[in-house]
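First up is the structure itself, then whatever we jot down about it.
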Amino acid sequence: MNTSALIRPAWTPATIALMVIGFMVFWPLGFAMLAYIIWGDRLDGFKRDVNRATDGIFAGCRRGSDKAARWGHGSARTGNVAFDDWREKELERLNEERRKLDEMLTQFDEYARELRRAKDQDEFDRFMANRNKATAPTKTDPSTGTTASKRGKGSNLLDD
């Protein structure tokens, strides 16, 4: 670490002044300066680790794009005409199979959706039938002592 720099991760008059000014202007700036003073000497290792990790990620992306170009997702050819023709035919066949599978998946999703709708409709109809039975007002006939329903056809909007 360069020890002659004016602002370095140490308790120097410049860093203390910047920390105090940071707290007066906007308190997160003061905390940021305090963190830099305390843990700033670890920044070089942190930057090195981050750079190594991102280099590994982007190197993987480059390898992936190279593989895609090799396997027909790009314009790269191997130079062997027979192999390239066979590869193109196989890729077309696989794409056709993928399309068929996608169509079958769509059909199955529609079938399952229709089954769920039919089941929901059946449950709703059963609920409404039970609800209508339970909420039907009754009237007791004084001469016979039996109860009879007062509702007639069309008295409930849901019955129409």
Side-chain angles (χ1 to χ4, degrees), residues 19 22-160:
M19 181 181 63
F23 275 115
M24 289 190 315
V25 172
F26 185 57
W27 63 269
L29 292 176
F31 276 123
M33 193 63 200
L34 178 64
Y36 177 71
I37 291 170
I38 295 172
W39 295 297
D41 56 343
R42 299 179 188 168
L43 278 178
D44 285 337
F46 176 75
K47 287 192 299 188
R48 187 173 39 254
D49 292 341
V50 168
N51 286 339
R52 218 178 279 141
T54 54
D55 287 346
I57 290 170
F58 289 116
C61 292
R62 281 191 299 275
R63 282 191 303 269
S65 66
D66 293 343
K67 284 181 184 176
R70 261 197 318 262
W71 290 103
H73 299 291
S75 61
R77 308 277 297 174
T78 63
N80 185 328
V81 177
F83 175 76
D84 289 339
D85 291 342
W86 172 82
R87 182 181 66 192
E88 290 299 320
K89 288 177 187 174
E90 285 296 309
L91 289 174
E92 289 174 15
R93 185 185 63 78
L94 290 173
N95 285 336
E96 181 65 25
E97 287 292 321
R98 169 60 67 187
R99 188 188 61 74
K100 288 179 184 176
L101 287 173
D102 289 341
E103 286 177 8
M104 290 172 58
L105 177 63
T106 303
Q107 290 172 355
F108 178 76
D109 287 342
E110 290 172 6
Y111 175 75
R113 191 176 314 113
E114 183 60 30
L115 282 179
R116 282 192 298 272
R117 191 202 63 73
K119 179 184 171 201
D120 290 347
Q121 184 67 45
D122 184 48
E123 289 176 358
F124 176 73
D125 291 343
R126 200 172 332 122
F127 165 75
M128 290 305 292
N130 289 339
R131 181 178 171 272
N132 288 338
K133 287 178 191 174
T135 61
T138 58
K139 175 179 164 183
T140 305
D141 187 4
S143 62
T144 61
T146 60
T147 60
S149 176
K150 281 182 13 182
R151 289 185 23 213
K153 181 157 176 64
S155 64
N156 188 348
L157 290 176
L158 295 175
D159 290 337
D160 291 336

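Positions are given from 1, in the same order as the sequence printed here.
Distance check: Asp122 CG to Arg117 CZ gives 11.0 Å after rounding to the nearest 0.5 Å. Asn130 contributes atom CG, which lies 11.0 Å from atom CG of Asp125 (distance to the nearest 0.5 angstrom). In this structure, Arg87 CZ and Leu94 CG are separated by 12.5 Å, a value rounded to the nearest 0.5 Å. Note: Arg116 CZ to Glu114 CD = 10.5 Å, rounded to the nearest 0.5 Å.
Aromatic ring orientation, Trp27 versus Phe31: perpendicular (interplanar angle above 60°, classes split at 30° and 60°).
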**OP:** Walk me through it: do Arg99 and Glu96 pass the test salt bridge (charged side-chain N to carboxylate O under 4.0 Å, His left out)?
**Re:** CA-CA 5 Å; Arg99 188 188 61 74; Glu96 181 65 25; 2.3 Å; yes
Original post:
Between Asp109 and Arg113, is a salt bridge (charged side-chain N to carboxylate O under 4.0 Å, His left out) present by the stated rule, with each step listed?
Top reply: CA-CA 6 Å; Asp109 287 342; Arg113 191 176 314 113; 5.5 Å; no
Subject >> side-chain contact (heavy atoms from CB on, under 4.5 Å) between Lys119 and Leu115, worked out >> reply: CA-CA 6 Å; Lys119 179 184 171 201; Leu115 282 179; over 6 Å; no
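Applying the side chain to side chain contact (heavy atoms under 4.5 Å, CB included) test between Thr106 and each of Glu110, Glu103, Met104 identifies Glu110 as the sole match. Trp86 pairs in a side chain to side chain contact (heavy atoms under 4.5 Å, CB included) with only one of the listed residues (Lys89, Glu90, Glu88), which is Glu90.
In this structure a side-chain-to-backbone donor-acceptor pair under 3.5 Å is present from Asn132 to Met128.
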